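Each remark here refers to the structure printed beneath this line.
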Amino acid sequence: MYNPIHNNLIIGKKLIYLPSCHSTNDIAAELVLNGLAEEGTVVITDNQVGGRGQRGTKWLSEPSQNLTFSVILRPKFLPVAEQFLISQMVALAIYDYFSFYTNQVKIKWPNDIYISSKKVSGTLIENAVQGYGISSSIVGIGININQTRFETARSTSLAEALGTTLNLQSEFEKLGGLLDAGYLRLKTMKQNQVIRDLYLKGLHGYQNSVKFNYLNERVAGVVTGIENSGRLLVKLEGKEGIYDFGLKEIEWVWDE
Ligand code: BTN
């Protein structure tokens, strides 16, 4: 069970709690389709049985252990060419949330969050475009809070990192507050460049040599920036010029 976040200005003031559902992104999409979605509405569940991840993957989450929710935004003010700013704003809010507890946090481009080389949060953003603007954006967030057993060795939770369990409503409120502030930065304060700069600061590999798999080869490279379109800019060791990559064109390598 979750309660709305009354102190926020937009996100989570209206909340739809479902004890169990297929995917909160799918429920949010239905609300948008039926014209029932007020901006900032959160759909949250304790038991997501058909969670979807990026690139057609599944998002698995043990019942009542983690945060699995979707936020409905209506960023009509944002040109389609700038839509990656939503990803950056959300990644930054989640990064700031974890940074409150640990300094081992990194954003893994485009918007995964890692604690000490293990994934602790994933985001699935689904935008609908109308003309030059974005008519709706469904921001689906999965945060591992109290779960301690995972299918892969590359996953972790906040409880695992801290050695203590946490209250899900309080954590939802903390993160919700940061998302609300981040969205206001975008919508009202128009701090697009501030968001881009802060995102880069938290980004794994920014101004730092890291390893990638590129064309079936392990290569070292330094992330030099992000294009406004969201493409990753990398200076690969031993190669001339700066390369730009889209999703799937490059793979991160964490440890040897
Ligand atoms: C990823 O890392 O691949 C993205 C995972 C996104 C998971 C969240 S959980 C809430 C929302 N509903 C979904 O079906 N997916 C997102």
Side-chain angles (χ1 to χ4, degrees), residues 1-2 5 11-12 15-33 37 40-73 83-84 86-95 97-98 105-115 117-128 136-147 150-158 168-169 171-172 175-176 178-179 183 199 202-204 230 232 246-252 254:
M1 178 69 193
Y2 290 87
I5 313 176
I11 293 176
L15 182 129
I16 298 172
Y17 166 72
L18 300 167
S20 176
C21 77
H22 182 257
S23 154
T24 55
N25 266 38
D26 292 348
I27 305 280
E30 274 172 36
L31 294 173
V32 170
L33 201 68
T41 302
V42 167
V43 179
I44 190 163
T45 185
D46 267 327
N47 185 20
Q48 182 171 252
V49 295
R52 294 191 286 113
Q54 287 167 30
R55 296 178 294 274
T57 57
K58 288 185 180 147
W59 182 259
L60 302 172
S61 181
E62 277 182 9
S64 304
Q65 298 299 309
N66 303 314
L67 293 175
T68 44
F69 66 96
S70 303
V71 185
I72 297 168
L73 300 176
Q83 61 185 306
F84 190 65
I86 302 174
S87 250
Q88 288 175 301
M89 177 280 283
V90 171
L92 191 57
I94 304 174
Y95 172 86
Y97 162 73
F98 284 115
V105 196
K106 280 285 166 201
I107 300 171
K108 195 196 86 172
W109 173 84
N111 52 19
D112 290 342
I113 307 293
Y114 277 65
I115 295 182
S117 316
K118 288 188 176 189
K119 182 161 168 172
V120 67
S121 162
T123 304
L124 178 66
I125 300 180
E126 297 179 301
N127 292 336
S136 71
S137 177
I138 295 170
V139 178
I141 300 177
I143 309 261
N144 295 337
I145 301 281
N146 288 327
Q147 184 169 336
F150 296 95
E151 300 243 323
T152 69
R154 274 269 171 243
S155 300
T156 191
S157 65
L158 191 53
L168 291 177
Q169 170 73 26
E171 299 316 298
F172 170 61
L175 176 59
L178 291 164
L179 287 167
Y183 189 54
Y199 173 94
L203 189 65
H204 172 66
L232 185 75
L247 282 174
K248 277 190 182 167
E249 292 172 13
I250 198 162
E251 201 191 326
W252 299 97
W254 284 88

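Counting begins at 1 with the first residue of the sequence. If you're wondering where the values come from, they're calculated on a predicted model, not measured in any experiment. Each ligand, and each atom within it, is numbered from 1 in the order the structure gives.
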Heavy atoms only: give me the nearest Leu124-Asn25 pair and the separation to one decimal. O-ND2, 3.2 Å
Filter the ligand 1-protein atom pairs down to N or O on both sides and distance under 3.5 Å, then list them.
residue	atom	partner	partner atom	Å
ligand 1	2 (O)	Lys119	NZ	2.6
ligand 1	3 (O)	Gln54	N	2.7
ligand 1	12 (N)	Thr24	OG1	3.1
ligand 1	12 (N)	Gln48	OE1	2.9
ligand 1	14 (O)	Ser23	OG	2.7
ligand 1	14 (O)	Arg52	N	2.7
ligand 1	15 (N)	Arg52	O	2.7

Donor + acceptor pair across side chains of Gln48, Asn66 (<3.5 Å): no
Are Glu126 and Arg52 ion-paired here, with the side-chain N under 4.0 Å from a carboxylate O? yes
Do the side chain of Gln88 and the main chain of Tyr199 share a donor and acceptor less than 3.5 angstrom apart? no
Thr45 backbone acceptor or donor facing Thr68 side chain under 3.5 Å: yes
Taking only distance into account, with no hydrogens and no angle test, what donor-acceptor pairs under 3.5 Å do side-chain atoms of residues 136-144 form with protein atoms, sequence neighbours excluded?
residue	atom	partner	partner atom	Å
Ser137	OG	Asn127	OD1	2.6
Asn144	ND2	Thr156	O	3.0

